[in-house]
Novice: 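Take a look at the following structure, please.
Computation of the quantities below employed the complete heavy-atom set of this structure, encompassing side-chain atoms and omitting hydrogens, waters and symmetry-equivalent molecules.
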Amino acid sequence: MRVNQLHPWPTTVAEAEAIQDRLRLHVELTGPRAFTLVAGLDVHYVDDERLTAAVVVLDAATLSVVEQVTVPGKAEFPYVAGLFAFRELPALVAALERLTVTPDLLVCDGYGLAHPRGFGLACHLGVLTGLPALGVGKTPFVGAHTAPAPERGAWTPIVLAGATVGRALRTRDGVKPVYVSQGHRIDLETAAEQVLRLSPRFRLPEPIRRADHLARHPA
DNA sequence: GCGACAG
DNA sequence: ATCTTGTCGC
């Protein structure tokens with residue numbers, strides 16, 4: 001698939017934050033409610049410099065693999081919480097560009113709106129590609145929330161500065177929740193619904209599990 | 001001011 | 001992210 005050209009790459013924290021503040025204005029919080037091709041994205045670090053980006057496209061109805069791609073790369077920015085996307089974005093974009101199919105939805109490993117400046121990795125990837133995107137975090141990051149009930153499907157809002165920016169969502173009975181937030185062109189209800197539907201068996205959505213596995217064991 | 005801080 | 005054992009439960 002085709003991805004818009006990357007903006008000039010930041011060298012400093014201030015430049016990176018300025019890019020987030022500018023691109024944030026392009027985020028759309030509503031979009032399609034159903035999808036046919038869902039992509040999971042993840043990165044595995046070989047060492048402090050080198051990494052492997054993986055994208056796996058699944059049939060949304062059957063969860064079977066339609067296409068998968070890995071791309072070697074390097075971390076393009078130091079790790080700074082809140083600027084995490086700048087490490088992995090170039091490699092993830094390169095992987096997306098190698099896809100012969102265009103997914104309907106990007107399921108990203110990390111946050112979207114639930115971010116200090118409201119522009120996490122899922123928003124960034126969504127805006128660059130123009131595709132609906134959502135973020136799934138494994139640990140709480142920003143905002144306040146209470147623990148959801150222990151049953152699969154239970155959820156509580158994540159609130160930041162008085163606004164709801166995501167949901168703590170239980171995808172398995174008695175297992176730690178995941179943290180869902182909107183990336184681009186999707187509403188929160190749909191994002192949470194998709195994460196639950198894509199996680200029929202394990203805590204993490206199948207697209208992310210597949211991408212994680214592929215990134216660790218490149219083809 | 002200090003510590004904590006998505007992956 | 002990663003370094004890491006055994007243990008419990010499906």
Novice: Measure up the H217(A) and H213(A) rings against each other and bin them: parallel (under 30°), tilted (30 to 60°), perpendicular (over 60°).
Specialist: tilted
Novice: Is any NZ, NE, NH1 or NH2 atom of the basic residue among D42(A) and R210(A) found under 4.0 Å from an Asp or Glu carboxylate oxygen of the other?
Specialist: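 Salt bridge: no.
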Novice: Let me know the distance between CG of D212(A) and C1' of dT2(C), rounded to the nearest Å.
Specialist: 13 Å
Novice: Do the charged groups of R209(A) and D212(A) touch, with an N to O distance under 4.0 Å?
Specialist: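 No, R209(A) and D212(A) are not salt-bridged.
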Novice: Under a 4.5 Å cut-off applied to non-hydrogen side-chain atoms, are E76(A) and F86(A) in contact?
Specialist: no
Novice: Less than 4.0 Å between a side-chain N and a carboxylate O, is that true for R167(A) and E189(A)?
Specialist: yes
Novice: Could you check H44(A) against R172(A) and say which one's nearest nucleotide on DNA chain C is further toward the 5' end?
Specialist: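 Checking each residue's closest nucleotide, the 5'-ward one belongs to H44(A).
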Novice: Dump every N/O contact between nucleotides 5-7 of chain B and the protein below 3.5 Å, one line per pair.
Specialist:
from, atom 1, to, atom 2, distance (Å)
dA6(B), OP2, Y79(A), OH, 2.9
dA6(B), N7, G82(A), N, 3.0
dA6(B), N6, G82(A), O, 3.0
dA6(B), N6, F84(A), N, 3.3
dA6(B), N6, H115(A), NE2, 3.4
dA6(B), N1, L121(A), N, 3.3
dA6(B), N3, Y111(A), N, 3.2
dG7(B), OP1, K138(A), N, 2.9
dG7(B), OP2, T139(A), OG1, 3.1
dG7(B), O3', D109(A), OD2, 3.2
dG7(B), N7, Y79(A), OH, 3.3

Novice: Counting only side-chain N and O atoms of R216(A), is one of them less than 4.0 Å from OP1 or OP2 of dT2(C)?
Specialist: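 Yes, such a contact exists.
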Novice: Please confirm whether the backbone N or O of L37(A) pairs with a side-chain atom of D104(A), one donor and one acceptor, at under 3.5 Å?
Specialist: yes
Novice: What is the distance, to the nearest angstrom, from the CD atom on E49(A) to the P atom on dT2(C)?
Specialist: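 About 17 Å, once rounded to whole Å.
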Novice: Measure from CG on D47(A) to C1' on dA1(C) and round the result to the nearest Å.
Specialist: 12 Å
